[in-house]
Trainee: 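Attaching a single structure in structure tokens format; questions to follow.
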Amino acid sequence: MFDKILNEFSTPFYLYKEETIIAKTKLLKELNLDFSHKFHFAVKANPNLAILNLLKTQGFGAEVVSAGELFKSLKAGIDPSEVIFDGPGKTEFDLKYAITQQIKSINVENLEEIDFINEYSLSKGLKTNIGIRLNPNIDADTLEKITTGKSGGKFGISEDQINFDRILEMKGVQLSTLSVHIGSQIVDHQKLIQSYGQLILLADQLNKKNHIITNLDFGGGFGVMDHSDDALDFVEWQKELENLLQGKKYHIIFEPGRFIVANSGELITKVLYIKSSGNQEIIITDASFSEYLRPALYEINPPVQTLNNSKELKNYDIAGGICESTDFLAKNIKLPEVKVGDYLKFINVGAYGSSMSSTYNSRPRPLEVLMGQNEYRVIRSRDTLEDLCKNEIM
Ligand code: LLP
């Protein structure tokens, strides 16, 4: 089927395997965690409607960070009561939309948000469930650029800044959730457990003082690495987590993004040119950082494969056609020798691949294809040139 797809569509395109996504959801579900819980897919990892709908059918809710992600989740069939809204910079528009949809929880990360949600909810005759995202000051031991739980960063609120008594008096909000998310690509389960522990401690304390915290949102971050097989030890993670929650009655929310979709996706691209520059051989592909930003943004070399039979390994950089020096997809990697016209396949790019793509240099955003057991279908058509002008006024 892959060859057929390759023949049918021009590159670059993203190709996802439905089976892999379902296997990942099963893996989590089949842990059979012994406490009340639900998985909410972090939509930012891959907001394609077909993927959101697939996850809905697997029993997942959604975790969103913008009105757009909320809209897409609802459009994909996810019930508002299964949506969590996070994010350190929610606009009034975001908040009003989330409030009127009466979603499961708006997790606030700024003190001013609480007053706005309270007042707007009262003006609409509503009471809105909120959560507070804690900044636990934990270093998740992941890439510096994707760590989010340290003091000094923009995420969450530190416990000592929150006037919990005042929130109790507000009639337009119900504080029912505490949340934490310390970063992405985490493989040290102890870091996660540490952050969960802090949340449980605070929730227990608040519930002794007339609060009714029923949900603990433990965020996402389950690691899928770019280059190693390092992974979270789910056995240990589960053991320690079940211990922490023994005798407690909290409903636990998890927000995995990358773990669910990363391994399902490939980016297929074609070699346009090969040039020697100084001592370096540079492959120039029809994919660039507009289609796949992570290597340029986080300075990582993503795993890439060739589709030819060449045995001879050569040293290459891989770059796109964007007029920027940072437009590299890989640096100094060994690959079987490639020729102009060959295909390259970036693997494990189902998360934060297409979702971080842009139209920079006025490049159409790529096509996306979802492959099932016996069939495949386009789940996002390539932007047309007209699409690039949409919304612009001459
Ligand atoms: N919950 C919250 C509040 C988040 O901020 C995130 C991700 C998640 C859940 C899902 O995290 P995951 O399970 O996917 O690790 N663009 C970066 C990753 C940024 C993640 C941002 N927040 C990358 O490509 O590595």
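Fair warning: this is a prediction, and the values are worked out from it, not measured in the lab. Counting starts at 1 for both ligands and their atoms, following the listed order. What you see below is based on every heavy atom in this structure, not just the backbone, and it leaves out hydrogens, waters and symmetry mates.
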Trainee: Under 4.0 Å, counting heavy atoms only: does M356 come that close to any atom of ligand 1?
Mentor: yes
Trainee: Taking the non-hydrogen atoms of A351, is any one of them nearer than 4.0 angstrom to ligand 1?
Mentor: no
Trainee: Heavy-atom contacts with R133 under 4.0 Å: which atoms of ligand 1 show up? List them by number with element.
Mentor: 3 (C)
Trainee: Between F85, Y352, F254, which one has a non-hydrogen atom sitting closest to atom 20 (C) of ligand 1?
Mentor: Y352
Trainee: Rounded at 0.5 Å granularity, tell me how far CZ in R258 sits from CG in N46.
Mentor: 12.5 Å
Trainee: In Å and rounded to the nearest 0.5 Å, what is the CZ to CG distance from R380 to D383?
Mentor: 4.5 Å
Trainee: Among R382, R363, R365, find the one that has a salt bridge (charged side-chain N to carboxylate O under 4.0 Å, His left out) with E291.
Mentor: R363
Trainee: Of the side chain and backbone of A45, name the one, both, or neither that has a heavy atom under 4.0 Å from an atom of ligand 1.
Mentor: neither
Trainee: Which of the numbered atoms in ligand 1 are under 4.0 angstrom from any heavy atom belonging to G220?
Mentor: 9 (C), 13 (O)
Trainee: Between the side chain of Q174 and the main-chain N/O of K127, is any donor-acceptor distance below 3.5 Å?
Mentor: no
Trainee: Among all protein heavy atoms, pick the one closest to atom 24 (O) of ligand 1 and tell me residue, atom and distance.
Mentor: R294 NE, 2.5 Å
Trainee: In Å and rounded to the nearest 0.5 Å, what is the CG to CD1 distance from L202 to I162?
Mentor: 7.0 Å
Trainee: I'd like to know whether F259 forms a ring pair (Phe, Tyr, Trp, His ring centres under 6.0 Å) with W237, so could you lay out the CA-CA distance, the side-chain angles of the two residues, the decisive distance to 0.1 Å, and finally the verdict.
Mentor: CA-CA 15 Å; F259 182 78; W237 174 84; 9.5 Å; no
Trainee: Less than 4.0 Å between a side-chain N and a carboxylate O, is that true for E63 and K44?
Mentor: yes
Trainee: In terms of atom number and element, which parts of ligand 1 are under 4.0 angstrom from non-hydrogen atoms of G257?
Mentor: 12 (P), 13 (O), 14 (O)
Trainee: Can you find a non-hydrogen atom of Y298 under 4.0 Å from ligand 1?
Mentor: yes
Trainee: Who's the nearest protein heavy-atom neighbour of atom 25 (O) of ligand 1, and how far?
Mentor: R258 NH2, 2.7 Å
Trainee: At less than 4.0 angstrom from any non-hydrogen atom of E255, what atoms of ligand 1 do you find?
Mentor: 1 (N), 2 (C), 3 (C), 8 (C), 9 (C), 10 (C), 13 (O)
Trainee: Counting heavy atoms only, which of A42, P256, S184 is nearest atom 15 (O) of ligand 1?
Mentor: S184
Trainee: Considering non-hydrogen atoms of the protein only, which is the closest contact for atom 5 (O) of ligand 1, and what is the distance?
Mentor: H181 CD2, 3.5 Å
Trainee: Are any of the side-chain nitrogens in K345 or D342 under 4.0 Å away from the carboxylate oxygens of its partner?
Mentor: no
Trainee: Can you pull out the closest protein heavy atom to atom 21 (C) of ligand 1? Residue, atom name and distance to 0.1 Å, please.
Mentor: K44 CD, 3.8 Å
Trainee: What I want to find out is whether R166 reaches E169 closely enough, with some N-O distance under 4.0 Å, to be called a salt bridge.
Mentor: no
